[in-house]
Amino acid sequence: MNSTTTIPIQNYALLDDAECEARIVAAKEKLGSRCIVLGHHYQRNEVFKHADITGDSLKLSREAAQSDAEYIVFCGVHFMAEVADILSRPEQIAILPDMAAGCSMADMANQVKVQKCWDELARVIDVENVVTPVTYINSAADLKAFCGKHDGIVCTSSNAEKILNWSFARKEKVLFFPDQHLGRNTGYSMGIPLEQMVTWDFTQPLGGLTEQQIRDAKIILWKGYCSVHQAFKPEHIDEFKKKYPETKVISHPEACFEVCQKSDYIGSTENILKIVREAEPNTRWLVATELNLVNRLHEECQAEGKNVHFMAPTLSMCSTMFRTDSQHLAWVLENLVEGHVVNQISVPAEEAALAKKALDNMLQAS
Ligand code: 13P
Ligand code: SF4
């Protein structure tokens with residue numbers, strides 16, 4: 001018989017990973033096709049192994065939109081579960097195993113600050129007619145709604161160039177938030193000079209820019225960044241190559257401009273995996289992205305004689321991705337088996353409708 005009350009998370013605190021694993025497998029078996037577990041590439045092994053589908057943000061958004069499951073359990077971070085809720089049908093339920101799994105970069109922009117920026121820009125340029133707001137998917141739903149409201153669009157690390165092309169086909173300028181690096185790296189690869197990509201410092205009046213800088217800019221970059229990818233420095237590449245000059249370097253576009261310029265390849269998490277997996281055997285790779293992905297890729301490729309190294313000398317993992325552990329996953333799944341939904345992510349209807357506009361623009365353009 002199903003329990004009448006929700007099982008508390010405290011019941012899982014003393015379970016070890018092996019016990020959780022057995023209970024996750026059993027719960028998934030009972031739920032069958034009613035539940036799908038999506039797992040981002042940065043998830044720890046104990047969680048990642050239970051994902052029905054793994055991927056980068058774009059792939060997982062598409063999977064969420066196409067899924068027929070009643071429950072979409074998102075092993076990732078908050079904005080990803082919000083996207084799953086927005087893109088799925090109203091009766092489907094998106095669940096985030098640990099509500100504290102946020103994204104510090106996403107938190108660097110919020111609706112008040114972006115609206116203030118928009119209003120300040122409007123004093124200098126005809127903002128509605130010349131600027132497309134583009135938000136990286138690593139942002140809260142209300143910022144996606146802001147983009148939906150202002151004929152803007154969402155992008156991910158794997159489609160940013162297509163999205164900027166979409167935007168420039170409509171209007172002459174882009175306001176890109178919250179990640180300055182993805183915007184700058186992508187714009188530069190499309191041939192936009194650095195001087196035409198200015199950084200909007202949201203702590204300063206008029207973003208710390210002059211009116212002329214705003215008039216001349218092609219892309220206005222929000223001064224946000226990912227602290228995990230900020231740890232990678234160009235000197236790490238130089239030092240490593242002194243020892244292993246044959247090394248190929250591959251970086252996530254959230255890494256800074258100088259690191260990306262020194263890299264042989266730039267790609268989303270899914271693309272990093274693809275490129276290294278498809279590379280010749282016995283090659284050496286230096287990778288600028290999160291540690292869980294790099295460690296797993298190294299393990300996987302070792303049999304072919306490939307060596308995959310983490311770029312920074314200090315180990316930096318995404319602490320919020322790391323919050324989702326097997327205890328939380330077992331907890332949400334066993335509650336579903338008992339007929340209880342815990343940790344549902346539900347975006348308010350009006351906000352979701354506007355955010356969906358911007359997400360649909362992205363899915364169509366990419
Ligand atoms: P991907 O879309 O490349 O998986 O990136 C998501 C992310 O948060 C990287 O830090
Ligand atoms: Fe956010 Fe950075 Fe973690 Fe990605 S790695 S989820 S951008 S904090």
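Remember, it's 1-based here, ligands and their atoms both numbered in the order they're listed. When a residue number appears, it is its place in the shown sequence, counting from 1.
- The minimum heavy-atom distance between I219 and G183, with the atom names listed, is CD1-O, 4.3 Å.
- Against a heavy-atom cut-off of under 4.0 Å, E254 is close to the following atoms of ligand 1: 7 (C), 8 (O), 9 (C), 10 (O).
- The distance from ligand 1 to the heavy atoms of H252 drops below 4.0 Å at these ligand atoms: 1 (P), 3 (O), 5 (O), 9 (C).
- For the pair K218 and F168, the distance from NZ or CZ to the six-membered ring centre is under 6.0 Å and the angle to the ring normal is within 45 degrees.
- Among protein heavy atoms, the minimum distance from atom 8 (S) of ligand 2 is reached at S104 OG, 3.6 Å.
- Proximity of N138 to ligand 1 is established by a heavy-atom distance of less than 4.0 Å.
- The side-chain heavy atoms of F240 and T247, taken from C-beta on, include a pair separated by under 4.5 Å.
- In this model, a donor atom of one side chain and an acceptor atom of the other lie less than 3.5 Å apart for E254 and Y136.
- Contact annotation for H41 and ligand 1: no heavy atom of the residue comes within less than 4.0 Å of the ligand.
- In summary, the atoms of ligand 1 found under 4.0 Å from a heavy atom of S157, numbered by their order in the structure, are 1 (P), 2 (O), 3 (O), 5 (O).
- Every atom of ligand 1 with a heavy atom of S268 under 4.0 Å away is listed here by number and element: 3 (O).
- Nearest protein heavy-atom contact of atom 1 (Fe) of ligand 2 is C103 SG, 2.3 Å.
- Close contacts between ligand 2 and Y42 involve ligand atoms 4 (Fe), 5 (S) [criterion: under 4.0 Å to a heavy atom].
- Smallest separation of non-hydrogen atoms from H41 and R296: O-NH2, 2.6 Å.
- Of all the heavy atoms of E254, the ones lying under 4.0 Å from any atom of ligand 2 belong exclusively to the side chain.
- Distances from atom 2 (Fe) of ligand 2 show that C318 has no N/O/S atom below 2.8 Å.
- No side-chain heavy atom of H181 sits under 4.5 Å from any side-chain heavy atom of H229.
- With a 4.0 Å heavy-atom cut-off, ligand 1 is reached by no atom of E290.
- Counted by atom type alone, N295 and E299 present zero donor-acceptor pairs between their side chains at under 3.5 Å.
- With a 4.0 Å cut-off on non-hydrogen atoms, D56 touches ligand 1 through its backbone as well as its side chain.
- Side-chain atoms of S263 and S251 form a donor-acceptor pair, as typed in the model, at a separation below 3.5 Å.
- Contacts between E270 and ligand 1, counted as non-hydrogen atom pairs separated by less than 4.0 Å, are absent for every part of the residue.
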Does the pair N271 and Y265 meet the rule for a side-chain contact (heavy atoms from CB on, under 4.5 Å), with working shown?
CA-CA 10 Å; N271 285 327; Y265 303 91; over 6 Å; no
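- The shell of residues lying under 4.0 angstrom from ligand 1, judged by heavy atoms, includes H229.
- In this structure, atom 2 (O) of ligand 1 lies nearest to the protein heavy atom S57 OG, 2.8 Å.
- Put simply, CZ on R23 and OH on Y12 are 5.0 Å apart, with the number rounded to the nearest 0.5 Å.
- Atom 2 (Fe) of ligand 2 has its closest protein heavy atom at C226 SG, 2.4 Å.
- Residue contact check for ligand 1: H40 places a non-hydrogen atom closer than 4.0 Å to it.
- The existence of a salt bridge linking E300 and R277 is confirmed by a sub-4.0 Å separation between a basic side-chain nitrogen and an acidic carboxylate oxygen.
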